[in-house]
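Report on the following structure.
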Amino acid sequence: MFKKFDDKEDVTGTTQLKSSIQKGIRKKLIENYPTLEPYLEEILPKKENFKLIKCKDHVELLADHTGVVRFVKTRNTDFIPTLRTLHKYPFILPHQQVDKGAIKFILNGSSIMCPGLTSPGAKMTPLVPKDTVVAVMAEGKENALAIGQMTMSSEEIQSINKGNGIENVHYLNDGLWHLAEKPLN
Amino acid sequence: MSEAGDIASLAPGPIEGVEYPLKVLYCGQCTMPLEYCDYSGQTELCRAWATQNVPDLLEGLNIDDSKGGDEKKHQTRGGKGSKPVKEKKKASGGVQKVTVQREPRGKKSVTVIKGLATFEIDLKVAAKFFAQKFACGSSVTGNDEIVIQGDVKDDLFDLIPGKWAQVTEEHIDDLGDKKR
């Protein structure tokens, strides 16, 4: 999804949001990620205005007052945290762990196939319904390496065990990852 | 895996006794968390970076390297490995150039400056400085773009090198007028 994403080419404009709309977004984030509530103040302080960056293909980025991109909205997902946000608050999303063999493919941007989620090195959070946004962890690693959207429920992955299980939305070293890198420092 | 305790936290929700935000160390070479350096396709450079910057963590990294050896054997059979990163990043970062341009806004005009960020100039500070200097409005309008209200293009050729020594007059390009 963000394999090729360039801040010069893909960004169409930034908007300073009205505070009422900001309030709405904050409320929505808490609704989607209830565990985030005590920490939202740290990510998007109420006193500061955050910006909405509109991009091509219905992608919208949410940048905090310092210009660091914290959340992303795509055509078929709601606001999801970026990997950098997720690394700081790994509990936001349900985790799905893949085995070691899958890592390099995911880092190339491929979707996560079911066998990578069901093999001995992998672990799945049960009862995750279809279309949920999940953090993709890896065997033996502490940090998430990708964020994906389930194309089947965990149970279906377990029973079908073939084909795409999680669609790769955002992974380490993709365009979005590099975008967040610059204003951070 | 010893991380079992960590992964037992598959269910969402903050872990008790852990302080958030977590600090994750990223490799200065491949920008990924250190544990993923194996897959960067430039392990050598990553290790060099780690030796220099975080020697105390290198021990953990070395263990990963031995695993990386196995991984490499697999790759020789072909298939998609992690590709070595191409060096196009340096090329784009290497072009340091500032462009100034007059752009009509009705019967008045504004001046658009691009490229200041390639000299690692803080755009917000720069915009404020221009606003003060020319007694006019000035704002950061995009990634690496400043708009100054009023036609001040000619003054900029002296002002910018005077304020930021790293920018010389040769770096500044005059793009003339932008056609509507």
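In what follows, every heavy atom counts, from backbone to side chain, and hydrogens, waters and symmetry copies are set aside. Letters A, B, ... are given to chains in the order of the sequence lines, protein chains preceding strands, and every chain is numbered from 1.
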Determine, step by step, whether B/Tyr36 and A/Asn173 satisfy the side chain to side chain contact (heavy atoms under 4.5 Å, CB included) criterion, reporting the C-alpha distance in whole Å, the side-chain angles of both residues, the deciding distance to 0.1 Å, and the verdict. CA-CA 11 Å; B/Tyr36 287 107; A/Asn173 257 339; over 6 Å; no
Hphob cluster co-occupancy, B/Leu123 + A/Val68, side-chain heavy atoms under 4.5 angstrom: no
Against chain A, label B/Lys124 side chain, backbone, both or neither, depending on which of its atoms sit under 4.5 Å from a heavy atom there. side chain
Any side-chain heavy-atom pair of B/Pro33 and A/Leu172 under 4.5 Å: yes
Quick check on the hydrophobic clustering: are A/Met152 and A/Met113 connected, directly or via other members, by side-chain heavy-atom contacts under 4.5 Å? no
May I ask you to check whether over 12 heavy atoms, not counting those of B/Lys153, lie within 6.0 Å of atom NZ? yes
With a 4.5 angstrom heavy-atom cut-off, could you sort out which part of A/Leu145 is near chain B: side chain, backbone, both or neither? both
Measure the shortest side-chain to side-chain distance between A/Leu107 and B/Met32 over non-hydrogen atoms and say whether it is less than 4.5 angstrom. yes
Shared hydrophobic cluster for A/Tyr89 and A/Trp177 (ILVMFWY, side-chain gaps under 4.5 Å): yes
With a 4.5 Å cut-off on side-chain heavy atoms, are A/Lys88 and B/Val24 touching? no
Any link between B/Leu175 and B/Ile172 through a network of hydrophobic side chains (Ile, Leu, Val, Met, Phe, Trp, Tyr) touching at under 4.5 Å? no
Test of understanding: clusters of I, L, V, M, F, W, Y form through side-chain heavy atoms closer than 4.5 Å, transitively. Do B/Leu156 and B/Val147 belong to the same one? no
Would you say B/Glu120 has more than 12 foreign heavy atoms packed within less than 6.0 Å of its CD? no
Minimum heavy-atom separation for A/Lys141 and B/Glu35, please, with both atom names. NZ-O, 2.8 Å
Just so I know, are the side chains of A/Phe105 and B/Tyr39 near enough to count as touching, which here means a heavy-atom distance under 4.5 Å? no
Hey, what do you get for CG (B/Leu22) to CD (A/Glu142), rounding to the nearest 0.5 Å? 9.0 Å
Aromatic ring pairing A/His87/B/Tyr26, orientation class (parallel under 30°, perpendicular over 60°, tilted between): tilted
